[in-house]
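We name chains A, B, ... by the order of the sequence lines, and we start the count at 1 in each one. Hydrogens, waters and symmetry mates are skipped; everything else that's a heavy atom, side chains included, is used.
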2 protein chains.
Amino acid sequence: MSKSNNVYKDAYNRGLRLLDETKSLPSEPELGVLLGVSRTTIRTILARMEETGLIAWNKRSKTVLRVPQPDDFFPEEETDTLSQIIERSFMRRLLAGGAEPGMQINELELAREIGVGTTSVREFLIRFSRFGLIEKRRNSHWVLKGFTRAFALELTEIREMFELRSAAAFAALPQDSPVWADLDLLEDEHRLLARQIAMRFNEFSELDERFHRLIHRASHNRFIVDFYDVIAMIFHYHYQWNKAQERERNEVAVTEHLAYIAALKSRDLGKVDAACRKHLKSARHTLLTSIPEGQQPQQA
Amino acid sequence: MSKSNNVYKDAYNRGLRLLDETKSLPSEPELGVLLGVSRTTIRTILARMEETGLIAWNKRSKTVLRVPQPDDFFPEEETDTLSQIIERSFMRRLLAGGAEPGMQINELELAREIGVGTTSVREFLIRFSRFGLIEKRRNSHWVLKGFTRAFALELTEIREMFELRSAAAFAALPQDSPVWADLDLLEDEHRLLARQIAMRFNEFSELDERFHRLIHRASHNRFIVDFYDVIAMIFHYHYQWNKAQERERNEVAVTEHLAYIAALKSRDLGKVDAACRKHLKSARHTLLTSIPEGQQPQQA
DNA sequence: TTAATGTCTTTTATCGTGAAAAAACAGTTT
DNA sequence: AAACTGTTTTTTCACGATAAAAGACATTAA
């Protein structure tokens, strides 16, 4: 096997959803933009839709014949990128315990275990190394540094530095900047979520990420913006892993966000600083309490 | 060809220098530690040294027979890592002009041009991406963001944030910390270099890096320490590229470093902050003046 | 009985290859 | 002639294979 066609399968699944809404599909280039893939992939998708009797396709006319059924979709797991598969698998092992800091990481073994080629694993590890959880020994193996208390503290130290600066930059943005409209929209979403928190508390993490990314973007600094990838990754897996008091935690966070938003809108730097600090402090606390205590870093 | 034996060649060259000093070589494991390679490589080296009549090798006895000649050494260029070769080649193209921001980067073309496989180029680009000069379009090509004024400003913003914090942490270190001894040694090296600046000004950049890394290490934060890789990379190529007033610049920098060191030793946070700020300001200025003005970022 | 050497096994680094996907080009339709 | 469709070329992505290098095990010397 040389390359999986997950791009096609994922785009196909998303394409099926378009069939519910219209009686005929737009042009190929338009579909390409819509689904974020090339025309080549669009044509493969259309070919299959024709084959399975979903549409009648003749040059420009792409008439919808029937509504897609559940079994028209490709299985979810076939739409994932290889790197997503590897990342998930790797993080599961990392968080599932037994992964002591100092332990060495074996490319070949990982590849075999996940059922992928070594190249993909290597590339993943290189990409992943910027998160600071693993480290490469010169022309030798990788070493696990581990999701330790020290890691969490170092991560949050930078996060706090960056976010305080970004928040200040945000508050200083001119009134006609489009970010204020974005902030208003996010505020509405927060209010709505706050009201329905009992049912929708698990939707918070996605909103959280969008909110913080908006703020970080105000820094206009690629290193700050990119660093949020590290935070997002950690929080993503952390949320999946530690479900204790999830509802309460998220309820508190929503409230803090709303206060933070109000502070930003006041454009009072003192208030912004205080609201930001308060929120980051509780975020740090949440993260720290979720770290297994036993794990202490080995001597390298 | 599957893998070059540059590790062996480089270690061999370094091994030759040991022959000048002693009449017989130590044990294989000891040599391994000394040259930073495995015993397998050490044995390959010893085998060749025996073959070329440099040593007589019988089990534990490794007697030096003659002093190595210039042509005993492998050519410098054969001792480089593939990734070093690729990086150099890539940076040359980047700085040599004609590399407009927004331009797309072609893996295959790069690989052919440098004469290496695509895998190595891919891995290089992934590793290199953390420097913020290039960016990947989702399942498509890489895009050059370019060594622009914006890049330099964003880089220095983070650098200043991190270094001020590290310097403060450094000054707060207890008197019995080993870093003070390291600092003393560096101070001596600075004084010596200052006296011989006319001849040795080009040795400054190496000293500069060691000095700043020592300070950053005091932060005990892997993200801060790792970020210095970005700065070091940029300065490395920047120094190679822009030789204008190199002597004067370095002379000023040495003086600033000495003031900075004095401030650290005083452990007076106000003085440290001032000395650090002063040095970083002139470093930023130097970097900014070296950026070609014409290059403006394209619309992405 | 410790620490070396000799030998064998495992892992990493790199390439060429082939399918998926993108992109470029050429020909049609409105 | 602008925007589409049909076709061809190029590029990315992922694999297995292979030599270099690391590492583990067995044996021998001090």
Side-chain angles (χ1 to χ4, degrees), chain A residues 1-11 26-32 35-47 57-62 81-83 85-86 104-112 115-126 136-142, chain B residues 1-11 26-32 35-47 57-62 81-83 85-86 104-112 115-126 136-142:
Chain A
M1 176 202 344
S2 62
K3 190 181 178 182
S4 97
N5 54 356
N6 67 80
V7 173
Y8 153 67
K9 286 178 176 170
D10 179 53
S27 76
E28 295 172 12
E30 214 167 319
L31 281 168
L35 298 178
V37 294
S38 74
R39 247 189 79 217
T40 310
T41 306
I42 292 295
R43 300 191 110 237
T44 321
I45 291 169
L46 291 173
W57 181 26
N58 188 282
K59 310 212 165 169
R60 292 169 197 230
S61 94
K62 309 169 193 81
T81 314
L82 238 204
S83 67
I85 294 169
I86 297 175
Q104 82 180 58
I105 297 163
N106 188 320
E107 290 177 7
L108 203 63
E109 189 189 315
L110 252 180
R112 275 197 290 247
V116 298
T118 50
T119 313
S120 315
V121 170
R122 280 175 66 76
E123 288 183 3
F124 163 76
L125 291 171
I126 295 169
K136 180 134 181 69
R137 293 261 179 280
R138 209 176 85 79
N139 55 285
S140 181
H141 56 275
W142 293 84
Chain B
M1 175 203 342
S2 62
K3 189 183 179 180
S4 95
N5 54 355
N6 67 80
V7 173
Y8 153 67
K9 285 179 177 171
D10 179 54
S27 78
E28 294 173 15
E30 213 167 320
L31 281 168
L35 299 177
V37 294
S38 75
R39 246 190 80 217
T40 309
T41 305
I42 292 295
R43 299 191 110 235
T44 321
I45 290 170
L46 290 173
W57 181 27
N58 188 283
K59 312 215 164 167
R60 289 165 201 232
S61 93
K62 309 171 193 78
T81 313
L82 239 204
S83 66
I85 294 170
I86 298 174
Q104 83 180 56
I105 296 162
N106 189 320
E107 290 177 5
L108 204 63
E109 189 189 315
L110 254 179
R112 274 195 292 245
V116 298
T118 50
T119 313
S120 315
V121 170
R122 281 175 67 74
E123 287 182 4
F124 164 75
L125 291 172
I126 295 170
K136 179 135 183 67
R137 293 263 178 278
R138 209 176 85 77
N139 54 284
S140 182
H141 55 272
W142 292 85

Does A/Thr118 have a side-chain nitrogen or oxygen under 4.0 Å from the phosphate oxygens OP1 or OP2 of C/dA13? no
Straight-line distance of B/Ile105 CD1 to B/Lys136 NZ, nearest 0.5 Å: 10.0 Å
side-chain N/O A/Asn139 vs D/dA22 OP1/OP2, d < 4.0 Å: yes
Using heavy atoms to find the nearest nucleotide of DNA chain C for A/Arg122 and B/Gln104 separately, return the residue whose nucleotide is more 5′. A/Arg122
By side chain to side chain donor-acceptor pair (under 3.5 Å) - contacts of A/Arg43 (at least two apart): A/Glu28
A/Leu108 CG - D/dA21 P separation (whole Å): 19 Å
Taking all atoms of both residues into account, what is the closest heavy-atom pair of B/Ile45 and B/Ala11, and its distance? CD1-CB, 3.6 Å
Calculate the interatomic distance between B/Arg137 atom CZ and D/dT11 atom C1'; express it in whole Å. 16 Å
It should be established whether A/His141 places a side-chain nitrogen or oxygen under 4.0 Å from OP1 or OP2 of nucleotide D/dA21. no
Taking only residues two or more places apart in sequence or in another chain, which ones pass side chain to side chain contact (heavy atoms under 4.5 Å, CB included) with B/Ser27? B/Pro29, B/Glu30
Near-strand residues of residues 2-9 of chain B, defined as heavy-atom separation under 4.0 angstrom from DNA chain D: B/Ser2, B/Lys3, B/Ser4, B/Asn5, B/Asn6, B/Val7, B/Tyr8
Just checking B/Ile105: base, sugar-phosphate only, or nothing, at a heavy-atom cut-off of under 4.0 Å? sugar-phosphate
Within the structure shown, what part of the strands sits under 4.0 Å from B/Thr40 by heavy-atom distance: base, sugar-phosphate, or nothing? base
For A/Ser83, side chain to side chain contact (heavy atoms under 4.5 Å, CB included) partners two or more places apart: A/Thr81, A/Arg127
Please identify each residue that fulfils side chain to side chain donor-acceptor pair (under 3.5 Å) with A/Asn5, with sequence neighbours left out. none
Heavy-atom nearest nucleotide on DNA chain C taken for B/Arg138 and for B/Trp57; more 5' hit belongs to B/Trp57
Rounding to a whole Å, what distance do you find between B/Arg43:CZ and D/dA22:C1'? 14 Å
What is the distance, rounded to the nearest whole Å, between atom CH2 of A/Trp142 and atom C1' of C/dA13? 13 Å
Out of D/dC4, C/dG6, C/dA22, whichever nucleotide has its closest atom nearest the side chain of A/Glu30: D/dC4
The criterion is side chain to side chain contact (heavy atoms under 4.5 Å, CB included); which residues satisfy it with B/Ser4, sequence neighbours excluded? B/Asn6
Separation of C/dC15 C1' from B/Glu123 CD (nearest whole Å): 12 Å
OP1 or OP2 of D/dA21 sitting under 4.0 Å from any side-chain N/O of B/Thr44? no
Closest listed nucleotide, where the reference is the side chain of B/Ser120 and the choices are C/dC15, C/dT17, D/dA21: C/dC15
Sugar-phosphate, base or nothing in reach of A/Ser27, heavy atoms under 4.0 Å: sugar-phosphate
What is the separation between atom CG on A/Leu31 and atom C1' on C/dA21, rounded to the nearest whole Å? 16 Å
Per-helix bend value, the helix from C/dT1-D/dA30 to C/dT30-D/dA1, C1' rotation axes over five pairs per end, 10° rounding, shows 30°
Length of the CD-C1' vector between A/Glu28 and C/dA24, whole Å: 15 Å
Just to verify, what does A/Lys9 make a side chain to side chain donor-acceptor pair (under 3.5 Å) with, not counting sequence neighbours? A/Glu78
Of the candidate nucleotides C/dT5, D/dT12, D/dG16, which contains the atom at the shortest distance from the side chain of A/Thr119? D/dG16
Residues two or more places apart in sequence or in another chain: which of them pass side chain to side chain contact (heavy atoms under 4.5 Å, CB included) with B/Ser120? B/Leu82, B/Ile86
Is the backbone of B/Leu46 close enough, under 3.5 Å, to the side chain of B/Lys62 for a donor and an acceptor to pair up by distance? no
Indicate yes or no for a side-chain donor-acceptor contact from B/Thr44 to the backbone of B/Thr40 under 3.5 Å, with no hydrogens or angles considered. yes
Expected rows: protein N/O vs nucleotides 26-28 of chain C N/O, under 3.5 Å:
none

Is there a side-chain polar atom (N or O) of B/Asn106 under 4.0 Å from OP1 or OP2 of D/dT11? yes
Does B/Asn106 use its side chain to pair, donor to acceptor, with the backbone of B/Glu109 at less than 3.5 Å? yes
Counting side-chain heavy atoms from C-beta on, which of C/dT11, C/dA23, D/dC15 comes nearest to A/Val116? D/dC15
Please report the distance, rounded to the nearest Å, between CZ in A/Arg112 and C1' in C/dT12. 13 Å
To the nearest 0.5 Å, tell me how far A/Arg112 CZ sits from A/Glu107 CD. 12.0 Å
